[in-house]
Amino acid sequence: MLPLPALLALTTTVFLGCLTEVLPAGLLLGMSEDLGVSPSATGQLVTVYAITTALTAVPLTGATLRVPRKRLLLALIFGFLATNLVIAVSSSYPLILAARVVSGALTGVMWSLVAGYAMRLAPPGLTGRALAVAMSGTPIGFALGVPAGTALGEFADWRWAFAAMALISVPLLAWVSAVVPAVPPEASRPTRPLAASRLPGMRPVLATVALFSLGHNVAYTYIGPVLAGLDAAPMLGAALLVFGCATVGGLVAVGSALDSRPRAVLVSCSAVTAAAIVLLGISDGVHGLVLVAACLWGLGFGGAPTAFQAVTALLAGPTADAAQSLTIAAWNGAVAGGALVGGLLLPLGTSSLPWCAAVVILAPLLFSRRVVPSAPADRCRSRR
């Protein structure tokens, strides 16, 4: 039986981290006007966050491997409280940018920590489901948190959205303290992240992560222009809502199959996501097809980050915390790379973006047999 109170506390931590990362995108215009900077400068608050996460996940995770896991988790939550509070009360763009850099560094460690933590709390044979529960904070953040935070910013003020995230952190600290069991750090001589990259099968996994994230963000970052090119610009809000809700379903599907068929889950996530993006590209702006494509895209994407982290843990065994940082670095580096590649392709016409994205996402399927063993082994048991 899964330890749901502890896992749901981890879910809320993930929700907080996800919302902290992406919320400025929904508050962009209000923040720009209030801070006296351009919308593009405000947009950099998201870009800088992702780049910081990519650059710091490996070294900071390596530096904290010997810290007791619960103590580190509480420190990260307190860090989110402090940085979001600074943003809520500050009128200085440079100070807010600095707070975003700190938040990005905290997030890189958080992703690595929570994935391993959830799997170590699970009974044998249920690690995939435990990870799916913990990581459900991400799709919930996209489906509910971002729209709610954006609405709060519109009806009150953008600062209240960040203040709300700081306030969420206070009961979360008490919740984690009360229900999340303490687990020890890694062994006295833990495997460092770069050493974990040399484990059998790890490099194909990292390539799969990077190419999936790159392809997804080539299309997702510029979904507005793509829909405009299809004469379906008014569908943007509805498409994003359907996408966000479908990610929850994708995560549920992945969680139910991950323990028994990890390779099939990885292949399915990539194939469904690529097919959905192609369907969007050939939809000709037909509203029904646009919404179907958004739904399929959400289903394929929703469980992908969890699947990647689970397979990473499967390959890494007792060194999973170190290996997770590599997955996080690859994913977030590709977030920035996808925005860059999509921007370079945009002058060629929006019709090229879906096809490019789909090809990039499907490329790892050529070596998917090298990613995970044919029969899963619950290697996380050895971490207890």
Side-chain angles (χ1 to χ4, degrees), residues 111-112 115-116 118-119 122 125-136 138-139 196-197 199-220 246-278 296-317 319-320 323-335 338 357-380:
W111 291 124
S112 302
M119 299 179 83
L126 294 177
T127 54
R129 293 187 183 182
L131 182 59
V133 172
M135 303 311 291
S136 64
T138 296
S197 69
L199 293 170
M202 189 61 67
R203 290 178 181 175
V205 167
L206 296 176
T208 303
V209 171
L211 292 174
F212 182 95
S213 180
L214 181 69
H216 165 78
N217 284 285
V218 163
Y220 187 80
T247 58
V248 178
L251 181 61
V252 171
V254 163
S256 63
L258 197 50
D259 287 309
S260 59
R261 306 188 68 186
R263 181 190 297 158
V265 168
L266 274 187
V267 172
S268 297
C269 287
S270 296
V272 171
T273 300
I277 294 174
V278 169
L296 288 176
W297 194 350
L299 287 173
F301 175 81
T306 299
F308 292 139
Q309 290 181 300
V311 171
T312 299
L314 175 68
L315 294 173
T319 63
Q324 293 292 351
S325 67
L326 300 173
T327 303
I328 301 308
W331 179 276
N332 282 278
V335 170
V359 169
V360 171
I361 290 171
L362 289 174
L365 298 187
L366 299 176
F367 50 78
S368 63
R369 287 189 172 275
R370 297 176 54 200
V371 172
V372 292
S374 56
D378 191 1
R379 294 172 60 180
C380 286

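- Ala118 is linked by a side-chain contact (heavy atoms from CB on, under 4.5 Å) to Leu7, Leu10, Ala134, counting only residues two or more places apart in sequence or in another chain.
- The two residues Leu362 and Ser270 have their closest heavy-atom pair at CD2-O, 4.2 Å.
- The minimum heavy-atom distance linking Leu206 with Ala330 is given by the pair O-CB, 4.1 Å.
- For the pair Ser136 (side chain) and Val133 (backbone), a donor-acceptor distance under 3.5 Å is present.
- Residues satisfying the ring-ring contact (aromatic ring centres under 6.0 Å, His included) criterion with Phe301, sequence neighbours excluded, are His216, Phe243, Trp331.
- Counting only heavy atoms from C-beta outward, the side chains of Val360 and Val218 never approach each other to under 4.5 Å.
- Under the side chain to side chain contact (heavy atoms under 4.5 Å, CB included) test applied with Ile361, the options Val278, Ile277, Leu211 reduce to a single match, Ile277.
- Among all heavy-atom pairs drawn from Thr127 and Met119, the shortest one is CG2-O, 3.7 Å.
- Nearest approach of Ala115 to Leu131, heavy atoms of both residues: CA-CD1, 3.7 Å.
- Taken from OH in Tyr220 to OG in Ser213, the straight-line distance is 12.5 Å, to the nearest 0.5 Å.
- Residues that satisfy the side chain to side chain donor-acceptor pair (under 3.5 Å) test with Thr306, not counting sequence neighbours, are absent from this structure.
- Thr138 meets the side-chain contact (heavy atoms from CB on, under 4.5 Å) test with Val14, Cys18, Trp111, Phe142; sequence neighbours excluded.
- Closest of all the heavy-atom pairs between Pro364 and Ala207 is CG-O, 4.5 Å.
- Note that CH2 of Trp297 and OG1 of Thr247 are 12.5 Å apart. Values are rounded to the nearest 0.5 Å.
- Heavy atoms only, all atoms of each residue included: Ser112 and Ile328 are closest at OG-CG1, 3.8 Å.
- When the side chain to side chain donor-acceptor pair (under 3.5 Å) test is applied to Asn332, no partner is found at least two apart in sequence or on another chain.
- Of the possible polar contacts, one joining the Thr273 side chain to the Cys269 backbone as a donor-acceptor pair under 3.5 Å is found.
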